[in-house]
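Quick notes on the structure that follows.
Here the structure is a predicted model, which is why all the values come from computation and not from measurement. All chains are named by letter (A, B, ...) in the order of the sequence lines, taking the proteins before the strands, and each is independently numbered beginning at 1.
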There are 2 protein chains.
Amino acid sequence: MVCSPAHIASQIRERGFRLTPQRMAILNALHESGDHLLPLEIFEKASASLPGITEPTIYRTLDFLVENGFVSVTHVRGRRLEYELTQHKHHHLVCSVCGLEEELSHEWLQPFRDQLEQITGFSLTEDQITFTGLCRHCK
Amino acid sequence: MVCSPAHIASQIRERGFRLTPQRMAILNALHESGDHLLPLEIFEKASASLPGITEPTIYRTLDFLVENGFVSVTHVRGRRLEYELTQHKHHHLVCSVCGLEEELSHEWLQPFRDQLEQITGFSLTEDQITFTGLCRHCK
DNA sequence: TTATGTGCAAAGCATTTGCACGCTT
DNA sequence: AAGCGTGCAAATGCTTTGCACATAA
């Protein structure tokens, strides 16, 4: 179970990959923000701690981290995807009027996940969930 | 409750928007495919029934349809978003190894949706859900 | 020492924008 | 007749790729 940049770092090595300053800078950027970020935002934050890092590296590293399950892709709104550490097991609840965004804990959905595994035969590793609606103020 | 291109068409007019051949071509393309499509795929399918339709129109129309809740945005895999008629109330279950994709019915989630509305005070209108895992064959 | 991972620079595309015209209402 | 919505063409800018070099192991 993934849980922090340091822990992911050791996982990366354990799986036989190299631990580079670029990968750490990106993991730290995501961790410090604690939020979902656009590739450009990740580039800017990572640049602060590691000047010289380039955008191609951001994209290649994100692909690498997603493939290995350390980072998750999220679609909240608009036509852009965002990235966040997989450790933040939560989902999104967005108001379509004012944009208010709340988090939904992972545990909350666990009963459903269990039921789903039983019926479909799948063994679930990730999920990407966004609910959209009107918040208490806007409805 | 949205349910077919024809029904969406009347909704569009009811809300004071214009019903154009382009909007219908896009709705029909999504309906006939019955699946989630990339903007380019929508462009190609819509072009078949309405030669001359352009890509900017695809994007503007998709934005319009999404804003009005007729179409939903989905992220299944990779770095691209796909679109589908909101009427197809289902979600995705994807195998990360072989890519097998199954559908999850909307009704499944209804109890959770009800509970969620009660707890958060939100009034839900849409949801975008993708579960990823290993299917029965790959695990 | 080795070959993985990054920087650099350029190419490739998806997406957006401005403006004039056509078409729905 | 009026103005919303589209076509056209170009601009934008995100994302990808090839290649040589640096560096983690």
Side-chain angles (χ1 to χ4, degrees), chain A residues 5-6 8-29 36-68 70-71 73-83, chain B residues 5-6 8-29 36-68 70-71 73-83:
Chain A
I8 295 175
S10 62
Q11 286 281 313
I12 287 176
R13 272 204 262 249
E14 255 178 51
R15 299 190 194 181
F17 298 112
R18 291 186 183 174
L19 186 61
T20 64
Q22 290 82 353
R23 287 176 176 175
M24 281 314 292
I26 290 171
L27 288 171
N28 286 325
H36 41 83
L37 299 175
L38 294 166
L40 179 61
E41 296 171 327
I42 296 171
F43 171 63
E44 287 165 352
K45 287 184 191 297
S47 293
S49 68
L50 188 70
I53 193 173
T54 62
E55 281 174 296
T57 295
I58 302 293
Y59 289 105
R60 286 184 288 218
T61 302
L62 286 175
D63 284 344
F64 165 79
L65 294 170
V66 169
E67 269 167 32
N68 283 276
F70 300 126
V71 163
V73 185
T74 298
H75 166 62
V76 177
R77 46 176 34 211
R79 219 191 291 286
R80 297 249 168 290
L81 292 169
E82 307 190 319
Y83 297 81
Chain B
I8 295 175
S10 61
Q11 286 281 314
I12 287 176
R13 271 203 262 250
E14 255 177 52
R15 300 189 192 180
F17 299 110
R18 293 186 182 173
L19 186 61
T20 64
Q22 290 82 351
R23 288 176 176 174
M24 281 313 292
I26 291 172
L27 289 171
N28 285 326
H36 40 84
L37 299 176
L38 294 166
L40 178 62
E41 295 171 327
I42 296 171
F43 171 63
E44 287 165 353
K45 285 183 190 301
S47 291
S49 68
L50 189 69
I53 193 173
T54 62
E55 281 172 295
T57 295
I58 302 294
Y59 289 105
R60 287 184 286 219
T61 302
L62 286 174
D63 284 343
F64 165 80
L65 294 171
V66 169
E67 269 165 33
N68 284 277
F70 300 127
V71 163
V73 185
T74 297
H75 166 63
V76 177
R77 46 177 34 210
R79 219 190 291 286
R80 297 251 169 285
L81 293 169
E82 306 189 320
Y83 298 81

On the side chain of Arg18(A), is there an atom forming a donor-acceptor pair with the base of dA3(C) - under 3.5 Å, no angle test?
yes

If you assign each of Leu40(B) and Pro56(B) to its closest nucleotide in DNA chain C, which residue comes earlier from the 5' end?
Leu40(B)

Between atom CZ in Arg23(A) and atom P in dT4(C), what is the gap in whole Å?
11 Å

The side chain of Gln22(B) lies closest to which of these nucleotides: dT25(C), dT6(D), dT17(C)?
dT6(D)

Residue whose closest nucleotide on DNA chain D lies nearer the 5' end, Thr20(B) versus Arg79(B):
Thr20(B)

Within the 4.0 Å heavy-atom criterion, would you say Leu19(A) contacts the bases, only the backbone, or no part of the nucleic acid?
sugar-phosphate

Starting from P on dA25(D), measure out to CZ on Arg15(A) and report it in whole angstrom.
16 Å

Test item: Ile12(B) and Phe70(B) side chains (from C-beta on) under 4.5 Å apart, heavy atoms
yes

Just wondering, do Leu50(A) and Met24(A) contact through their side chains at under 4.5 Å, heavy atoms?
no

Less than 4.5 Å apart, any side-chain heavy atom of Ile26(B) and any of Ile53(B)?
yes

Counting only N and O atoms by type, is there a donor-acceptor contact under 3.5 Å from the side chain of Arg23(B) to the main-chain atoms of Arg18(B)?
yes

In whole angstroms, how far is the C1' atom of dA10(D) from the CD atom of Glu55(B)?
14 Å

DNA chain C: Asp63(B) or Pro21(B), which has the more 5' nearest nucleotide?
Asp63(B)

Between dC14(D) (P) and Leu37(A) (CG): distance, integer Å:
15 Å

Checking all strands, does Phe64(B) fall into the base, sugar-phosphate, or nothing category for heavy-atom contacts under 4.0 angstrom?
nothing

At less than 4.0 Å, is any side-chain N or O atom of Thr57(A) found next to OP1 or OP2 of dG7(C)? Yes or no.
yes

Integer-rounded Å distance: dT6(C) P and Leu62(A) CG
11 Å

Heavy atoms only, 4.0 Å cut-off, all strands: where does Pro39(B) land among base, sugar-phosphate and nothing?
sugar-phosphate

In whole angstroms, how far is the P atom of dT16(C) from the CG atom of Leu81(B)?
11 Å

Sugar-phosphate only, base, or nothing, as touched by Arg60(A) at under 4.0 Å among non-hydrogen atoms:
base

Separation of dT15(D) atom P from Phe43(A) atom CZ, nearest Å, is 13 Å

Sidechain-backbone polar pair: Arg15(B) side chain, Asn68(B) backbone, donor-acceptor under 3.5 Å:
yes

Separation of dG7(D) C1' from Leu50(B) CG (nearest whole Å)
12 Å

